[in-house]
**Student:** 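Quick one: this structure, given as structure tokens, is what I'll be asking you about.
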Amino acid sequence: MAGNGLKDATAIVGIGQTPFAKQLPEDEKTLACRAVLAALDDAGIAPGEVDALASYTMEETDEVELAKAVGLGDLTFFSKAGYGGGGSCATVAHLAAAIATGQATVGVAWRSRKRGSGPRPWTDTTTQLPTPAQWTRPYGLLRPADEIAMLARRYLHEYGATRDHLFNVALACRNRANQNPAAVMYERPLTREMYMTSRWISEPLCLFDNCLETDGALACVVVSRERARDCRRAPVYVHSAAQGLPAQHHGMVNYWNDDPLTGPAWTAARQLWKHADLTPDDIDVAQIYDAFTVLIPLSLEGYGFCRRGEGAAYTEGGALEIGGRLPVNTGGGGLSEAYVHGFNLITEGVRQLRGTSTAQVPGATGCLVTAGEGVPTSALLLTNRS
């Protein structure tokens with residue numbers, strides 16, 4: 001996915017989003033159209049110039065309906081990435097690869113979702129369970145929270161991590177959301193007492209260890225490096241991209257592996273850094289997929305910011321806050337801004353490198369964006385260096 005021909009060959013030049021809320025009146029198609037049009041306007045590109053689309057396999061709005069409704073041109077490339085939140089960065093990677101190889105010129109990636117007011121995927125009992133779920137759900141692992149809770153319990157047991165470490169993650173995301181007027185948790189502070197006394201969702205994960213349930217949509221526009229020079233906004237280059245599906249992987253629980261805590265992030269990271277001029281030391285800010293707090297220390301280890309078992313301790317001393325070792329999820333992330341399968345992490349990465357974030361890291365030039373750890377995943381390295 002991230003060969004040498006992709007390095008800085010394309011750029012994100014437009015981002016757009018709808019409001020985020022527990023419940024929005026518009027349907028998913030309408031939300032998708034609004035986000036796409038906002039992203040194109042941000043880039044200064046007419047809808048008729050778009051010839052590539054990418055989204056998630058779980059996206060309900062298909063290419064045909066979106067293209068007609070928004071008035072796109074002839075499409076010469078379209079793709080969908082699987083595995084829910086694991087596909088977020090892959091949508092941009094697919095467009096970057098298509099544009100870098102001449103299959104398209106203007107690509108739009110998007111995600112529209114009514115998770116706040118819509119049904120939960122695991123509540124559908126009318127269809128046969130996929131094979132992996134047949135070995136977990138009958139025994140009580142019904143929701144993603146239940147499955148990740150198993151990994152969290154093992155991580156806490158093996159490495160001495162505590163709920164205080166998970167609180168550090170939740171607090172950093174909430175603090176950034178408190179600065180972001182678009183965030184669902186804007187002006188709603190989180191305290192340690194609130195965290196420690198909140199109800200269990202799936203022990204050891206409490207209410208504030210779990211992402212929000214959100215309605216909303218987001219989109220971004222990708223073009224070639226040459227085309228980016230003529231766009232309305234300063235380009236944010238796709239420096240490297242990768243996907244990761246490790247051998248013998250079993251989604252979320254991962255217990256077929258010798259080491260269940262070595263998840264897809266480790267596979268994606270090897271590919272990501274292999275084709276990059278950047279290293280973890282060059283990353284000024286990170287947008288790390290946070291459907292659950294424990295995914296952040298696991299990802300810090302997987303992407304090489306610390307050694308195995310050190311991710312929890314890495315969060316101490318305000319390390320994830322602005323001014324810390326590695327500010328994360330500066331818009332609030334899935335825990336406190338909105339949960340739209342991680343796409344808001346991409347748009348916030350772009351804002352950081354444009355210098356327009358509500359929690360700006362001064363002088364940021366390199367940003368890591370990750371998709372869901374625990375499932376087949378993807379990641380991006382973004383930079384504003386020309």
**Student:** Name all residues meeting the side chain to side chain donor-acceptor pair (under 3.5 Å) criterion together with T365; count only those two or more places apart in sequence or in a different chain, and write none if there are none.
**Tutor:**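 Per chain and number, T365 pairs via side chain to side chain donor-acceptor pair (under 3.5 Å) with D284, R385.
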**Student:** Take a 6.0 Å sphere around CZ of R232 and say whether it holds more than 12 heavy atoms from other residues, nucleotides or ligands.
**Tutor:**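 Enclosed: over 12 neighbouring heavy atoms sit under 6.0 Å from CZ of R232.
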**Student:** Could you state the interatomic distance from CE (M185) to CG (N180), rounded to the nearest 0.5 Å?
**Tutor:**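 If we round to the nearest 0.5 Å, M185:CE and N180:CG are 13.0 Å apart.
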**Student:** Could you tell me whether the side chains of T330 and R176 share a donor-acceptor contact shorter than 3.5 Å?
**Tutor:**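 Their side chains do not contain a donor-acceptor pair, so the 3.5 Å distance test is not met.
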**Student:** Do any N or O atoms from the side chain of D215 and from the backbone of A21 form a donor-acceptor pair under 3.5 angstrom?
**Tutor:** no
**Student:** Is V108 linked to V369 within one hydrophobic cluster, defined over Ile, Leu, Val, Met, Phe, Trp and Tyr using a side-chain heavy-atom separation of less than 4.5 Å?
**Tutor:**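 In one cluster with V108: V369, no.
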**Student:** Can you see which heavy atom on S240 is nearest to which on A276, and at what distance?
**Tutor:**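 Scanning both residues completely, I find the closest heavy atoms to be CB-CB, 4.0 Å.
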**Student:** How about E203 and R153: do any of their side-chain heavy atoms sit closer than 4.5 Å?
**Tutor:**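 In contact.
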**Student:** Going by heavy atoms in the side chains, are D259 and L261 under 4.5 Å from each other?
**Tutor:**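 Touching, per the 4.5 Å side-chain cut-off.
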**Student:** To the closest 0.5 Å, what do you measure between CG (D209) and OG (S198)?
**Tutor:** 7.0 Å
**Student:** Any idea which heavy atoms bring P376 and L245 closest together, and the distance?
**Tutor:**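 Of all heavy-atom pairs spanning P376 and L245, the closest is CG-CD1, 3.6 Å.
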**Student:** Please check if I283 and Y303 belong to a single hydrophobic cluster, counting links between Ile, Leu, Val, Met, Phe, Trp and Tyr side chain heavy atoms closer than 4.5 Å.
**Tutor:** yes
**Student:** N254 and H249: side-chain donor and acceptor closer than 3.5 Å?
**Tutor:**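 Per modelled atom types, N254 and H249 side chains form a pair under 3.5 Å.
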**Student:** Does one side chain, of T347 or N344, offer a donor that lies under 3.5 Å from an acceptor on the other?
**Tutor:**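 No.
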**Student:** Evaluate C220 against V92 for side-chain contact (heavy atoms from CB on, under 4.5 Å), listing each step before the verdict.
**Tutor:** CA-CA 8 Å; C220 68; V92 174; 3.7 Å; yes
**Student:** With a 3.5 Å distance limit and no angle check, can you tell me whether R143 reaches the backbone of I201 through a side-chain donor-acceptor pair?
**Tutor:** yes
**Student:** Please give me the minimum heavy-atom distance between A228 and P235, naming the atom from each residue.
**Tutor:** CB-CB, 3.8 Å
**Student:** To the nearest 0.5 angstrom, please state how far the CG atom of L368 sits from the CG atom of L380.
**Tutor:**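 Atom-to-atom, L368:CG and L380:CG are 8.5 Å apart.
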**Student:** Would you check if V36 and V50 make a side-chain contact, meaning some heavy-atom pair closer than 4.5 Å?
**Tutor:**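 Side chain of V36 against side chain of V50, heavy atoms only: no contact under 4.5 Å found.
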**Student:** Starting at CD of E60, measure out to CD of E65 and round the result to the nearest 0.5 Å.
**Tutor:**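 If we round to the nearest 0.5 Å, E60:CD and E65:CD are 12.5 Å apart.
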**Student:** Could you tell me whether F167 atom CZ has more than 12 heavy atoms of other residues or ligands within 6.0 Å of it?
**Tutor:** yes
**Student:** Going by heavy atoms in the side chains, are V221 and D42 under 4.5 Å from each other?
**Tutor:** no
**Student:** Are the side chain of H94 and the backbone N or O of T91 linked by a donor-acceptor pair below 3.5 Å?
**Tutor:**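 It does not hold such a pair.
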**Student:** Does either side chain, that of E193 or that of T191, offer a donor lying less than 3.5 Å from an acceptor on the other one?
**Tutor:**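 No, because no side-chain N or O of E193 sits under 3.5 Å from a partner of the opposite role on T191.
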**Student:** Rounded at 0.5 Å granularity, tell me how far NZ in K29 sits from CG in D27.
**Tutor:**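 It comes to 7.5 Å.
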**Student:** Is there a donor in the side chain of H239 and an acceptor in the side chain of T383, or the other way round, less than 3.5 Å apart?
**Tutor:** no
**Student:** So T262 and R308, side chain to side chain donor-acceptor pair (under 3.5 Å) or not? Walk me through it.
**Tutor:** CA-CA 9 Å; T262 302; R308 183 59 193 280; 3.1 Å; yes
**Student:** Take T162 and H165, measure what side-chain contact (heavy atoms from CB on, under 4.5 Å) needs, and give me the verdict at the end.
**Tutor:** CA-CA 5 Å; T162 68; H165 293 118; 3.3 Å; yes
**Student:** For N329 and I288, indicate whether the former's side chain and the latter's backbone hold a donor-acceptor pair under 3.5 Å.
**Tutor:** yes
**Student:** Answer yes or no: is there a donor N or O on one side and an acceptor on the other, between the side chain of R113 and the main chain of T214, under 3.5 Å?
**Tutor:** no
**Student:** Less than 4.0 Å between a side-chain N and a carboxylate O, is that true for R192 and D164?
**Tutor:** yes
**Student:** Would a single hydrophobic cluster contain both I99 and L40, if residues Ile, Leu, Val, Met, Phe, Trp and Tyr are joined by side-chain heavy-atom contacts under 4.5 Å?
**Tutor:**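 L40 does not cluster with I99.
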**Student:** In terms of ring plane angle, is the pair Y155 and Y159 parallel, tilted or perpendicular, where the classes change at 30° and 60°?
**Tutor:** tilted
**Student:** Taking all atoms of both residues into account, what is the closest heavy-atom pair of L151 and P260, and its distance?
**Tutor:**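 Residues L151 and P260, closest heavy atoms: CD2-O, 3.9 Å.
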**Student:** Would Y339 and D290 count as having a side-chain donor-acceptor pair, cut-off 3.5 Å?
**Tutor:** no
**Student:** Using only atom types and a distance under 3.5 Å, with no angle test, would you say the side chain of E348 pairs donor to acceptor with the backbone of G333?
**Tutor:** no
**Student:** Using 30° and 60° as the class boundaries, would you call the ring planes of W256 and H250 parallel, tilted or perpendicular?
**Tutor:**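 Plane angle over 60°, so perpendicular.
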**Student:** Treating T377 as the side-chain partner and A265 as the backbone partner, does any N or O pair qualify as donor plus acceptor under 3.5 Å?
**Tutor:**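 The answer is no, because no donor-acceptor pair under 3.5 Å joins these two groups.
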**Student:** Between the side chains of Q352 and S357, does any donor sit under 3.5 Å from an acceptor?
**Tutor:**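 Their side chains do contain a donor-acceptor pair, which is all the 3.5 Å distance test asks for.
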**Student:** For the pair N384 (side chain) and L353 (backbone), establish whether a donor and an acceptor sit closer than 3.5 Å, ignoring hydrogens and angles.
**Tutor:** yes
**Student:** Between E147 and V253, is there a donor-acceptor pair closer than 3.5 Å when you use the side chain of the first and the backbone of the second?
**Tutor:**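 Looks like no, no N/O pair under 3.5 Å.
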**Student:** Do L382 and L95 land in one hydrophobic cluster if side-chain heavy atoms of ILVMFWY residues count as linked below 4.5 Å?
**Tutor:** yes
**Student:** Give the C-alpha distance, both sets of side-chain angles, the deciding distance and a yes or no for side-chain contact (heavy atoms from CB on, under 4.5 Å) between S378 and Y83.
**Tutor:** CA-CA 10 Å; S378 53; Y83 306 101; over 6 Å; no
**Student:** Are any side-chain N or O atoms of E373 and backbone N or O atoms of L295, one a donor and one an acceptor, separated by less than 3.5 Å?
**Tutor:**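 Flag not set: sc E373 to bb L295 has no pair under 3.5 Å.
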**Student:** In this structure, would F208 and F20 fall into the same cluster of hydrophobic residues linked by side-chain contacts under 4.5 Å?
**Tutor:**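 Both belong to a single hydrophobic cluster.
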**Student:** Is there side-chain contact between V13 and R233, with at least one heavy-atom pair below 4.5 Å?
**Tutor:** no
**Student:** Can you confirm whether N210 sits close enough to F292 that some side-chain heavy atom of one is under 4.5 Å from a side-chain heavy atom of the other?
**Tutor:** yes
**Student:** Distance only, no hydrogens: is a donor on one side chain within 3.5 Å (strictly under) of an acceptor on the other, for R34 and S112?
**Tutor:**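 No donor-acceptor contact under 3.5 Å links the two side chains.
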**Student:** May I ask you to test the Y289-C89 pair for a side-chain heavy-atom distance under 4.5 Å?
**Tutor:** no
**Student:** Show your reasoning for whether side-chain contact (heavy atoms from CB on, under 4.5 Å) applies to R163 and Y195.
**Tutor:** CA-CA 9 Å; R163 293 190 66 210; Y195 176 89; 3.6 Å; yes
**Student:** Hey, what do you get for CD1 (I12) to OH (Y237), rounding to the nearest 0.5 Å?
**Tutor:**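 Interatomic distance, I12 CD1 to Y237 OH, rounded to 0.5 Å: 12.5 Å.
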**Student:** Indicate the atoms forming the closest heavy-atom contact of R325 with Y314, along with that distance.
**Tutor:**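 Closest approach of R325 to Y314, heavy atoms only: NH2-CE1, 3.2 Å.
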**Student:** Please tell me if the side chains of V236 and R354 come closer than 4.5 Å, counting only heavy atoms from C-beta onward.
**Tutor:**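 They are in side-chain contact.
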